[in-house]
Amino acid sequence: ASENKEFARYWLHNNMVTIDGVKMGKSLGNSVTVKDIIKKYDPLAIRFFVLSSHYRSALDFSDAALDAAQKGFQKFQQGFIRLLTTKSDKMGNDNKFDKSVEEFKSKFTESMSDDFNTPRAIAAMFDFTKDLNSWLDASDNPHAASLEFAIKTMESTAGDVLGLVLQNYE
């Protein structure tokens, strides 16, 4: 870490982690290391898995849960990549779609303001991804300003807040 960079402003300790319903513990012989997990799962999918449960709730760790998280994260990632790779030369905004972006941003902010309710923020993210895909399906040349608005909003919410957006999309 750079000496000039702030390490963290917030630190949240999550509730107990269980493995298939049994408390995880080194003494119980059922602990798993991050080093081992990232051999099988995308690190961002693991982050997505952790964020899918409220930090005050127990987190039940299993291959099935991580597989589901990996699929969910990939679905989100595919939508975001689609957004980033859509080209447009149509000037102006699509006011109806912009309203959908604003509603998402509002729901996301409200969720995070409610005791860091990341599961609800992720649900809002998925609802918006459905709206986004419907909008992109409806036009092969969507409004450029609305595309940019959606990209910036996803980068500032799913990216800056949840850390689920890679900086390098290539």
Side-chain angles (χ1 to χ4, degrees), residues 1-12 14 34 37-55 59 65-170:
S2 172
E3 292 176 24
N4 298 328
K5 300 259 181 173
E6 183 177 24
F7 176 68
R9 283 203 252 167
Y10 301 99
W11 179 262
L12 298 176
N14 66 296
V34 172
I37 299 167
I38 63 173
K39 289 177 185 172
K40 189 172 180 182
Y41 299 99
D42 180 330
L44 288 179
I46 297 166
R47 178 178 290 176
F48 180 85
F49 166 70
V50 172
L51 293 171
S52 295
S53 176
H54 194 277
Y55 76 94
L59 181 64
L66 280 167
D67 288 340
Q70 182 124 324
K71 286 178 187 162
F73 175 70
Q74 286 170 344
K75 187 175 180 182
F76 161 71
Q77 192 175 41
Q78 287 165 352
F80 187 66
I81 290 169
R82 182 180 183 198
L83 174 64
L84 291 171
T85 57
T86 297
K87 303 294 181 211
S88 173
D89 58 9
K90 190 179 206 177
M91 300 303 289
N93 290 73
D94 178 332
N95 292 331
K96 185 178 177 187
F97 179 70
D98 287 354
K99 185 177 179 188
S100 176
V101 176
E102 288 289 353
E103 286 173 6
F104 158 64
K105 192 173 183 179
S106 177
K107 286 178 186 175
F108 183 93
T109 302
E110 181 182 301
S111 299
M112 293 305 294
S113 296
D114 179 20
D115 194 26
F116 299 101
N117 194 333
T118 55
R120 206 169 75 200
I122 287 173
M125 199 172 76
F126 272 103
D127 288 345
F128 175 65
T129 301
K130 286 179 197 170
D131 291 348
L132 170 65
N133 281 322
S134 295
W135 183 65
L136 292 175
D137 289 344
S139 174
D140 59 353
N141 192 23
H143 292 81
S146 293
L147 272 173
E148 188 62 27
F149 181 42
I151 290 168
K152 295 283 186 214
T153 300
M154 289 298 267
E155 287 176 337
S156 69
T157 55
D160 294 343
V161 175
L162 298 181
L164 293 174
V165 173
L166 292 172
Q167 296 305 310
N168 182 0
Y169 311 106
E170 307 305 323

Tell me, please, which residues at least two apart from K87 pass salt bridge (charged side-chain N to carboxylate O under 4.0 Å, His left out).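 Here no residue qualifies.
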Quick one: salt bridge (charged side-chain N to carboxylate O under 4.0 Å, His left out) partners of D89, sequence neighbours excluded?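 Applying salt bridge (charged side-chain N to carboxylate O under 4.0 Å, His left out) to D89 gives none.
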When rounded to the nearest 0.5 angstrom, what distance separates [atom1] in [X] from [atom2] in [Y]?
X: L162; Y: M125; atom1: CG; atom2: CE; answer: 6.5 Å
X: T157; Y: K152; atom1: OG1; atom2: NZ; answer: 13.0 Å
X: L66; Y: D42; atom1: CG; atom2: CG; answer: 11.5 Å
X: W135; Y: L147; atom1: CH2; atom2: CG; answer: 4.0 Å
X: S52; Y: I122; atom1: OG; atom2: CD1; answer: 4.0 Å
X: T86; Y: L136; atom1: OG1; atom2: CG; answer: 4.5 Å

Closest approach of [X] and [Y], non-hydrogen atoms and distance?
X: A45; Y: A69; result: O-CB, 3.9 Å
X: F49; Y: A65; result: CE1-CB, 3.6 Å
X: S53; Y: P119; result: C-CG, 3.7 Å
X: D94; Y: H143; result: CB-ND1, 3.4 Å
X: T118; Y: L51; result: OG1-O, 2.6 Å
X: M154; Y: L83; result: CG-CD2, 4.2 Å

Salt bridge (Lys or Arg N to Asp or Glu O under 4.0 Å) pairs, two or more places apart, involving residues 95-106: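 Pairs touching residues 95-106 that pass the test: none.
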Applying salt bridge (Lys or Arg N to Asp or Glu O under 4.0 Å) as the test, list every pair that has at least one member in residues 113-140; sequence neighbours left out. R56-D115, R82-D137, E110-R120, D114-R120
Step by step, work out the side chain to side chain contact (heavy atoms under 4.5 Å, CB included) result for T129 and K75. CA-CA 9 Å; T129 301; K75 187 175 180 182; over 6 Å; no
Parallel, tilted or perpendicular: which one describes the rings of F73 and F76, with boundaries at 30° and 60°?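 Rings of F73 and F76: tilted, 30 to 60°.
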One pair to check against side chain to side chain contact (heavy atoms under 4.5 Å, CB included): Q78 and I81. What are the steps and the verdict? CA-CA 5 Å; Q78 287 165 352; I81 290 169; 5.8 Å; no
Using a 4.5 Å cut-off on heavy atoms from C-beta on, say whether the side chain of F97 contacts that of L132.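 They are in contact (side-chain heavy atoms under 4.5 Å apart), so the answer is yes.
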Partners of S88 by side-chain hydrogen bond (donor to acceptor under 3.5 Å, both in side chains), sequence neighbours excluded?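 N141.
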Test side chain to side chain contact (heavy atoms under 4.5 Å, CB included) applied to S146 and I151, V101, N93, N95, the passing residue: N93
Mark yes or no for whether R47, through its side chain, and L164, through its backbone, hold a donor-acceptor pair below 3.5 Å.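 No, R47 side chain to L164 backbone: no donor-acceptor pair under 3.5 Å.
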For F104, give me all partners under ring-ring contact (aromatic ring centres under 6.0 Å, His included), at least two apart in sequence or on another chain. F108, F128
